[in-house]
Visitor: 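Got a structure here, written out as structure tokens. Questions coming.
Remember, it's 1-based here, ligands and their atoms both numbered in the order they're listed. Quick caveat: nothing in here was measured; it's all calculated off a predicted structure.
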Amino acid sequence: MTDSIKSDNFGIDRSVLESVIASAGVGILICDTEGNVRLANDAAARALTTSASTVLTSRIFDLLPLPQGAEVRAAFRHLSKTACDDEAFHEITFEIEGQTLKCVTHPIFTTGEDAGLMVTLLQNVTAETQAARAQTEFTSVIAHELRTPLTALKGSIDLVLANAGGEIGDSVRSLLSISQASCNRLIRLLDDLLDVAQAETGSLKLRMHVVSVDGFVLRAVETLRAQAESRGIRLLVRTTGEIPAVVADQDRLEQVVVNIISNALKFSPEKSRVTVNVRRSQSVVQVSVSDEGPGIRETDRANIFRKFYRLPETGSTETGRGLGLAISKAIVEQHGGRITVRNRRSHGSTFTIELPIPGEDELPRKNKQ
Ligand code: ADP
């Protein structure tokens, strides 16, 4: 038995529990709902760069850096009220003493005396994070280097097609139009790659203003209305109650809503309905887009927000590069919000964006009522 393991009787054979936990390669902390550490292994103390005795006499929130501690405290409050559900967990990644830690908390669903416990796993992901960062930087440099000559190439094609070098025949025009379309497609791909790279490194430039949510939602809807009508899909917008303004980059959020509605249209059957709902829910504004398409399996729901991920059954038939949702997630998270997806009870899926409602002190003076 290691000195760092302190265990009450959870109804599990103590020696088995202790050896599993002590030899696990990841940090393990078991806490009550108030965050008091009831059991921890050496790996947890090492990951948190503190001593085992400090871990065992602290609340988990106080062992983490300040903002993440507050977030985990809120997650504990939320998870302690959650009913038995595989999807009930909280994940956060942060830096501590030069290392990157992934911290995942799950409620332990037991009854009786042991009810109300949480297990938190701490994994050192420094190497993976550095490798991902290097890959992102590489992608970003390549995309940048390719974009410049490609833009020049497209500029020349545009000029020739506009007869700037003299009249051109129909067959040359048709060949150049194909080249122009390919250039446009490649430039869009490179722009998406640059967006993802910037979003992943947190360097996406946001022009934050106080904006009306209805405003960018309606603009996004109007951009796609003709596309919906061409397939006989009814695109509806419903606003419930008064919607507070948010502090946001409206062009970026419009891009997110366009992407989600355009996916909804892409995967919806003809003559179906796509509904956009805007409402306030406690401290957030929610924008949700519901469709009557095939829906998304539970096992795919986290993956579709990863870059280049496309579901095999939809990926082969529909155009796309699997970047839209990765960019959307990064943009929403950089606004302090979140994006989630669930299946509807009947059929189809609902994507929801939540944006925090700013406090009085976050609003510029002239915008206060
Ligand atoms: P893509 O450019 O491929 O659409 P996204 O990142 O926007 O890239 O979406 C990733 C994948 O998620 C899609 O290829 C599709 O498989 C799935 N998906 C997204 N939205 C929906 C939806 N409304 N219904 C069903 N599947 C969807």
Visitor: Is a donor on one side and an acceptor on the other found under 3.5 Å between the side chain of R280 and the backbone of Q282?
Guide: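 Judged by distance alone, yes, a pair lies under 3.5 Å.
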Visitor: Are the charged groups of D62 and R59 less than 4.0 angstrom apart, N to O?
Guide: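 Looking at D62 and R59, the cut-off is met.
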Visitor: Report yes or no: does a heavy atom of K307 sit under 4.0 Å from some atom of ligand 1?
Guide: no
Visitor: Looking only at non-hydrogen atoms, which of L325, D192, I327 approaches atom 5 (P) of ligand 1 most closely?
Guide: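 That would be L325.
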Visitor: So which heavy atom on F76 is nearest to which on G35, and how close?
Guide: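 What the structure gives for the nearest pair is CE2-CA, 3.9 Å.
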Visitor: May I ask you to identify, for F305, whether its side chain, its backbone, both or neither come under 4.0 Å of ligand 1 on a heavy-atom basis?
Guide: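 For F305, there is no contact with ligand 1 at all, from either part.
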Visitor: If you count the atoms of ligand 1 from 1 in the order shown, which ones are under 4.0 Å from a heavy atom of I304?
Guide: 12 (O)
Visitor: What do you reckon, does P294 have a nitrogen or oxygen under 3.5 Å from a nitrogen or oxygen of ligand 1?
Guide: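 So ligand 1 has no N or O lying under 3.5 Å from an N or O of P294.
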Visitor: Is a donor on one side and an acceptor on the other found under 3.5 Å between the side chain of T49 and the backbone of A45?
Guide: no
Visitor: Minimum distance, heavy atoms only, to atom 27 (C) of ligand 1: which one of F267, F351, Y309, F308 is it?
Guide: F267
Visitor: If you count the atoms of ligand 1 from 1 in the order shown, which ones are under 4.0 Å from a heavy atom of L323?
Guide: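 Near L323, meaning under 4.0 Å from one of its heavy atoms, ligand 1 has 6 (O), 8 (O).
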Visitor: Taking both backbone and side-chain atoms of G322, is any N or O found less than 3.5 Å from an N or O belonging to ligand 1?
Guide: yes
Visitor: What pairs with T139 under side-chain hydrogen bond (donor to acceptor under 3.5 Å, both in side chains), at least two apart in sequence or on another chain?
Guide: none
Visitor: Residues in side-chain hydrogen bond (donor to acceptor under 3.5 Å, both in side chains) with D158, at least two apart?
Guide: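 If we apply the side-chain hydrogen bond (donor to acceptor under 3.5 Å, both in side chains) test to D158, skipping adjacent residues, the hits are K154, Q180.
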Visitor: Under 4.0 Å from a heavy atom of S349: which atoms of ligand 1 are those, numbered in the order shown and with their elements?
Guide: 22 (C), 23 (N), 24 (N)
Visitor: Minimum heavy-atom separation for I96 and A47, please, with both atom names.
Guide: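 Reported closest heavy-atom pair: CG2-O, 3.8 Å.
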Visitor: Say whether D291, considering both its backbone and side-chain N or O atoms, lies within less than 3.5 Å of an N or O atom on ligand 1.
Guide: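 Right, the criterion is met.
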